[in-house]
Amino acid sequence: MDIQTLTFILVGLSFALYMGIAVWARAGSTQEFYIAGGHIPPFANGMATAADWMSAASFISMAGLISFMGYDGGVYLMGWTGGYVLLAMCLAPYLRKFGKFTVPDFIGDRYYSQTARTVAVICAVFISFTYVAGQMRGVGVVFSRFLEVEISTGVLIGMAIVFFYAVLGGMKGITYTQVAQYCVMVFAYIVPAVFISIMMTGNPIPQFGFGSDLVGTDVSLLDKLDGLSTELGFTAYTDGSKSMIDVFFITAALMVGTAGLPHVIVRFFTVPKVSDARKSAAWALMFIAIIYTTAPAIAAFARVNMIETINGQDMAGTPYKNAPSWIGNWEKTGLISWDDKNEDGRMFYAHDKDTRNEMTIDRDIMVLANPEIAGLSNWIIALVAAGAVAAALSTSAGLLLVISTSISHDLLKRNLMPQIKDKEELIYARLAAAVAICIAGYLGVNPPGFVAQVVAFAFGLAAASFFPAIILGIFYKRMNSQGAIAGMLTGIVFTASYIVYFKFLNPAANIPENWLFSISPEGIGTLGMLLNFAVAIVVYKFTTPAPQHIQDMVEEIRYPQGAGKASHH
């Protein structure tokens with residue numbers, strides 16, 4: 001069977017499964033819509049959290065980034081994994097004990113202020129939209145290649161599917177769908193990696209194959225890659241070109257951003273007890289590690305295969321008329337293009353600044369094209385497509401739920417329209433999700449930057465706005481609302497304006513010489529976070545501490561004696 005038919009079958013079957021789960025697990029109350037009734041077992045919640053976490057950026061883009069950036073791409077791996085440890089140790093159990101549905105709910109009640117709640121709602125919606133744009137883009141890329149439709153049509157199909165199960169099922173539908181999506185995803189990521197690892201190094205475990213010698217030679221995979229990279233004018237694959245301070249700041253922004261991301265935090269409210277929040281964080285970390293430790297191996301395998309396919313074994317360039325089918329297939333999507341500069345009819349891939357380079361290759365295709373480049377069977381190629389769609393949809397659903405709960409629960413129920421009933425609140429939540437999906441779709445068709453970069457900005461914004469407010473809220477009981485509000489506003493305005501200036505207003509100036517303290521826009525969230533802490537503490541010093549009843553409440557969260565049930569007030 002050809003790839004397109006197989007993809008239709010596998011993606012269609014996975015969609016039917018997600019739809020079936022959504023109908024089976026549809027939400028009947030706001031409690032089920034927001035936090036799945038708080039009855040999800042830790043193992044299932046760990047799997048759902050991993051799926052929520054393994055977004056299109058992790059599944060599609062991360063190995064692509066590492067493949068193109070080599071050593072420098074490692075910051076994404078370290079930051080995103082480290083953040084999970086931080087979240088599990090410092091935040092999840094306390095927030096679960098506090099028993100609120102959402103991050104703005106925690107901030108509004110902890111800082112006894114509707115203004116703080118509103119600022120948190122704005123931050124949550126802003127971060128979630130930035131993030132969801134990257135996910136929708138991922139859906140579009142997958143569909144455009146494998147179903148051979150326009151990227152915009154692909155985004156529309158993705159919107160329709162997410163709309164169905166997020167709006168119908170709420171958190172309950174999303175959780176069980178995400179368990180299914182994780183299974184699809186892990187299978188789709190690991191299977192091709194194992195086959196390629198055996199083909200290239202003879203080792204069936206990709207994590208070990210990555211450091212092994214190539215079959216029939218005594219040259220290790222990474223030495224080979226370093227040699228190819230330097231020969232083609234790139235920096236050696238295992239050397240970094242970023243400054244140490246920038247590596248540190250990007251890693252910290254991704255780490256702290258993870259711990260402040262509203263759609264990940266809300267997952268810890270779906271389990272019955274505080275101890276279950278810790279357990280599900282441990283399970284999630286294990287499930288994420290399976291995929292994350294495979295990413296560098298996939299990146300290296302794909303890069304060697306890609307260079308040798310395009311440039312030929314002898315590095316003289318492959319004649320375009322003999323180009324493998326995957327090049328033609330991806331050219332149709334516009335994500336690969338060939339410009340025959342020296343008119344010799346041969347393709348050649350080298351460093352951008354080098355006049356020899358004739359190929360433009362989008363980094364987001366590396367994972368998806370990997371099985372095709374390595375010449376694996378069509379069913380594996382279709383499986384990867386189903387996995388990539390699962391990755392993008394699982395995170396989109398989680399983010400859209402954050403947007404809809406922030407608007408229906410935090411803005412309307414807790415702020416503007418306190419008299420609305422449960423049923424009305426549920427209608428508003430579904431309406432908000434519907435509007436959010438339309439905006440997300442628009443951003444998916446006209447995205448700001450490529451998938452992982454857009455997502456990195458969302459992390460920077462989360463790091464600069466939420467993280468300090470949550471940490472101070474839990475560990476500094478005297479912290480007051482004036483300090484928290486001033487800190488959040490300073491952090492998000494500073495970080496957003498730095499990113500917008502270098503990425504959109506003046507992209508020509510986006511070079512290390514012009515950056516503040518040599519910190520790139522991807523890493524600036526860490527500085528935003530430090531400013532947030534500083535402003536919050538200074539403002540607190542000049543205003544009155546939090547009231548006594550708030551300090552007592554914080555004291556109670558910090559020394560948990562069993563779990564409070566998630567509540568409306």
Side-chain angles (χ1 to χ4, degrees), residues 21 25 27 31-55 58 80-81 83-106 124 127-128 131-132 135 162 165-166 169-182 185 257-289 291 390-391 393-406 409 433 458-459 462 466-467 470 563 565-566:
I21 292 172
Q31 187 89 350
E32 288 189 338
F33 192 87
Y34 294 148
I35 55 163
H39 301 312
I40 307 291
F43 181 79
N45 195 50
M47 211 178 264
T49 309
D52 213 343
W53 181 232
M54 288 296 307
S55 61
S58 292
W80 285 341
T81 319
Y84 230 84
V85 179
L86 191 66
L87 183 63
M89 305 306 293
C90 299
L91 302 181
Y94 302 109
L95 288 170
R96 174 66 192 82
K97 173 75 171 76
F98 195 84
K100 293 295 169 207
F101 285 151
T102 60
V103 177
D105 217 0
F106 168 79
I127 291 162
S128 300
Y131 201 166
V132 88
Q135 307 312 314
V162 174
Y165 70 77
M171 182 55 101
K172 191 174 170 196
I174 287 172
T175 300
Y176 289 110
T177 317
Q178 282 172 338
V179 171
Q181 282 163 336
Y182 178 79
M185 232 185 300
T258 301
L261 269 187
H263 74 290
V264 177
I265 290 174
V266 79
R267 289 241 58 101
F268 294 104
F269 298 132
T270 62
V271 291
K273 302 197 295 291
V274 171
S275 59
D276 293 339
R278 285 187 193 275
K279 282 180 203 154
S280 57
W283 279 116
L285 198 56
M286 195 191 88
F287 290 131
I288 291 166
I291 293 184
L393 294 181
S394 62
T395 306
S396 303
L399 290 163
L400 291 163
L401 198 71
V402 166
I403 296 169
S404 83
T405 49
S406 295
H409 185 70
F459 281 82
F466 280 139
F467 185 75
I470 297 174
K565 274 209 160 42

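Nothing here was measured: the structure is a model prediction, and the numbers come from that model.
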Those residues that, when tested against Ala124, pass side-chain contact (heavy atoms from CB on, under 4.5 Å) (two or more places apart):
Pro104, Pro262, Val402, Ser406, Phe466
Results of side-chain hydrogen bond (donor to acceptor under 3.5 Å, both in side chains) for Thr258 - residues two or more places apart only:
none
If I take atom CG from residue Leu400 and atom OG1 from residue Thr405, how far apart are they, to the nearest 0.5 angstrom?
10.5 Å
Which pair of non-hydrogen atoms, one from Val103 and one from Ile470, has the smallest distance, and what is that distance?
CG1-CD1, 4.0 Å
Could you report the tightest heavy-atom contact between Asp105 and His409, atom names first, then the distance?
OD2-NE2, 3.0 Å
Would you call the rings of Trp80 and Phe459 parallel, tilted or perpendicular if under 30° counts as parallel and over 60° as perpendicular?
tilted
Residues forming a ring-ring contact (aromatic ring centres under 6.0 Å, His included) with Tyr182, sequence neighbours excluded:
Phe287
Mind listing the closest non-hydrogen atom pair of Pro42 and Lys279 along with its distance?
CB-CB, 3.9 Å
In Å, rounded to the nearest 0.5 Å, how long is the span from CD1 of Ile21 to CD of Gln181?
8.0 Å
Only pairs at least two apart or in different chains count here, so list each salt bridge (Lys or Arg N to Asp or Glu O under 4.0 Å) that has a residue in residues 83-92.
none
With rounding to the nearest 0.5 angstrom, report the OG1 to CD1 distance, Thr270 to Ile174.
11.0 Å
The reported gap from CG in Asn45 to CZ in Phe268 (rounded to nearest 0.5 angstrom) is 7.0 Å
Contacts of type side-chain contact (heavy atoms from CB on, under 4.5 Å), residue Ala48, not counting sequence neighbours:
Thr175, Gln178, Val179, Arg267
